[in-house]
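Beneath this line is the structure, given in structure tokens, with notes to follow.
Throughout, protein chains are lettered first and strands after them, A, B, ... in sequence-line order, and every chain is numbered starting at 1. Here the structure is a predicted model, which is why all the values come from computation and not from measurement.
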There are 2 protein chains.
Amino acid sequence: MARPREFDTTEALNQAMQVFWSKGYEATSLSDLIGAMKLSKSSFYDTFGSKHDVFLAAIEHYKKTITAQVSAVSGLDAPARKLIESLFERAVSRMTEEGGQRGCFLNNCAVEVALHDPAAAKLIGGGFAIMEDTLFALVERGQREGGIAPDKDPRALARYLTSSLNGLMVVGKANPDPESLSDVARTALTVLD
Amino acid sequence: MARPREFDTTEALNQAMQVFWSKGYEATSLSDLIGAMKLSKSSFYDTFGSKHDVFLAAIEHYKKTITAQVSAVSGLDAPARKLIESLFERAVSRMTEEGGQRGCFLNNCAVEVALHDPAAAKLIGGGFAIMEDTLFALVERGQREGGIAPDKDPRALARYLTSSLNGLMVVGKANPDPESLSDVARTALTVLD
DNA sequence: CATGTTTTGGACCAATTAGTCCATAATAAT
DNA sequence: ATTATTATGGACTAATTGGTCCAAAACATG
């Protein structure tokens, strides 16, 4: 009793994540999930246990994908400052493009469930930590390279940048205006000078 | 057919707002609402129409309360820069104190419903606009007073500060650590130098 | 006290929720 | 071809959802 004989579990989790991302946890129903994951109700429960279990797994899945993306970006040999800037630019353009207002999955989860779902909160915290650590490494590198003010505390900068990116997503949801968001991104990055 | 003979509508909306604030829109049930608002199901529907109508009214109510608070703060004769700083300080301490992790109601609403609820999205956008305009006025005053860099675009700064405050709330939800959040707030405010 | 107006509890509704279970169907192994 | 395994559709719960409705209770007014 389990999932189809050959069945791409990570792809299913990816689909589940997409649904949670678009609709939020509460607003996502079982039928939404089994529809997106393309398995039967029975297989769903046999394989994943419960809606909440899938939710946690989706958060974990998200963390894996950003870890991959992030290490790809950090590996580029462009100056670290440029990489950080392009992170903000990409956030702005994603938020302003058609259908891009889903924002950041972690961000959405943090706001919707962190207060009432300790298990999820822990995973989400871990996700933010990944972002922060990535930015920390980039900031330190930028300081060595000379693109970022060397006297500033890199940990504080990393925390600040993480928070700034999240702020951008939130205001972008209510008002996805390119000009506004560019103002925010540009101003936020002046801290690195 | 209506509400109780003497009935404080704004107080009821305030209670409704508290519930939506704590639990989110989807996770709030009718019984939650009529419990908090202290009226019967019949009176609820007679007076307010529907859950969604109450939700919109609660957002409006929130906007009224922040407008009031905000004009009180702006009226203080302390330097504008100090007022902005205390806004961030208060955000940090609220997020880190026991039970303060609800964050900002507008922020929560933006993340949970803006994408799928145009009517709410419009009200939420208006709420952010109030914040932005308030900060804009403070920034301009700060620039005149000399506490804030006069060469920077006050509109961009206001947008940036609004976004920063929201970012603070989001990361605070997942990780309500005073040190982290202080780092964020302190760093964010250096933009005003 | 009687009349007219408000307000309410709670019965009721249809839809939906997350979740269980099993007989059947599909597949694989022998 | 037979057997053993695996997966599925869908019937089935029990609870809850938002919402309607009305007879009775509470109240105010005369």
**Request:** Determine which pairs satisfy salt bridge (Lys or Arg N to Asp or Glu O under 4.0 Å) with at least one residue from residues 147-157 of chain A, sequence neighbours left out, and list them in order.
**Result:**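 Output for this query lists A/Glu132-A/Arg155, A/Asp133-A/Arg155.
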
**Residue pairs fulfilling salt bridge (Lys or Arg N to Asp or Glu O under 4.0 Å) with at least one residue in residues 184-193 of chain A, sequence neighbours excluded** = A/Arg81-A/Asp193, A/Asp183-A/Arg186

**Request:** Mind jotting down which residue pairs meet the side-chain hydrogen bond (donor to acceptor under 3.5 Å, both in side chains) criterion with at least one end in residues 86-98 of chain B? Sequence neighbours excluded, please.
**Result:** none

**Message:** Angle between the end axes of the helix from C/dC1-D/dG30 to C/dT30-D/dA1, five pairs per end, to the nearest 10 degrees?
**Reply:** 0°

**Prompt:** So which pairs with a foot in residues 105-150 of chain B pass ring-ring contact (aromatic ring centres under 6.0 Å, His included), sequence neighbours left out?
**Reply:** B/Trp21-B/Phe105, B/Tyr62-B/Phe105

**Complete:** In short, ring-ring contact (aromatic ring centres under 6.0 Å, His included) pairs touching residues 166-191 of chain A with sequence neighbours left out are none

Measure all distances between protein nitrogen or oxygen atoms and nitrogen or oxygen atoms of nucleotides 13-15 of chain D, and list the pairs falling under 3.5 Å.
none

**Request:** State, with a plain yes or no, whether a side-chain heavy atom of B/Ile124 is found less than 4.5 Å away from one of A/Asn175.
**Result:**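 They are not in contact (no side-chain heavy atoms under 4.5 Å apart), so the answer is no.
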
**Request:** Could you tell me whether the side chain of B/Leu192 reaches within less than 4.5 Å of the side chain of B/Glu85, counting heavy atoms only?
**Result:** no

**A/Ser31 vs B/Ser40, nearer the 5' end of DNA chain C by closest nucleotide** =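 Its nearest nucleotide lies further toward 5', so the answer is B/Ser40.
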
May I have the distance from [X] (atom [atom1]) to [N] (atom [atom2]), rounded to whole angstrom?
X: B/Asp46; N: C/dT6; atom1: CG; atom2: C1'; answer: 10 Å
X: B/Tyr25; N: D/dT17; atom1: OH; atom2: C1'; answer: 12 Å
X: B/Ile34; N: D/dT20; atom1: CD1; atom2: P; answer: 14 Å
X: B/Leu30; N: D/dT20; atom1: CG; atom2: P; answer: 10 Å
X: B/Leu39; N: C/dG10; atom1: CG; atom2: C1'; answer: 16 Å
X: A/Lys38; N: D/dA7; atom1: NZ; atom2: C1'; answer: 18 Å
X: A/Glu26; N: C/dT17; atom1: CD; atom2: C1'; answer: 11 Å

**Prompt:** For residues 52-59 of chain A, which residues have at least one heavy atom under 4.0 Å from DNA chain C?
**Reply:** none

**Request:** Run the salt-bridge test on A/Glu60 and A/Lys64 with the 4.0 Å N-O cut-off and return the result as yes or no.
**Result:**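 No, no charged N to carboxylate O under 4.0 Å.
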
**Message:** Between B/Lys173 and A/Ala114 (side chain of the first, backbone of the second, donor and acceptor by atom type, cut-off under 3.5 Å), is there such a pair?
**Reply:** no

List, with names and distances, any nitrogen or oxygen atoms from the protein found under 3.5 Å away from nitrogen or oxygen atoms belonging to nucleotides 11-16 of chain C.
none

**Prompt:** Can you tell me how far CG of A/Leu135 sits from CD1 of A/Ile130, rounded to the nearest 0.5 angstrom?
**Reply:** 12.0 Å

**Request:** Go through the structure and list residues passing ring-ring contact (aromatic ring centres under 6.0 Å, His included) with B/Tyr45, not counting sequence neighbours.
**Result:**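 In terms of ring-ring contact (aromatic ring centres under 6.0 Å, His included), with neighbours along the sequence ignored, B/Tyr45 is linked to no residue.
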
**Message:** Test of understanding: with ring-ring contact (aromatic ring centres under 6.0 Å, His included), list the residues that count as partners of A/Phe88, not counting sequence neighbours.
**Reply:** none

**Request:** Could you check whether the rings of B/Phe55 and B/Tyr25 sit parallel, tilted or perpendicular, using 30° and 60° as the cut-offs?
**Result:**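 Aromatic pair B/Phe55/B/Tyr25 classed tilted.
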
**Item:** For A/Asp53, all residues meeting salt bridge (Lys or Arg N to Asp or Glu O under 4.0 Å), sequence neighbours excluded
**Value:** none

**Request:** Please state whether the phosphate of C/dT8, meaning OP1 or OP2, lies under 4.0 angstrom from any side-chain nitrogen or oxygen of B/Ser42.
**Result:**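 Checking C/dT8 against B/Ser42, no side-chain N or O comes under 4.0 Å of OP1 or OP2.
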
**Item:** Below 4.0 Å: OP1/OP2 of D/dT20 and any side-chain N or O of B/Tyr45
**Value:**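 Answer is no, no contact under 4.0 Å.
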
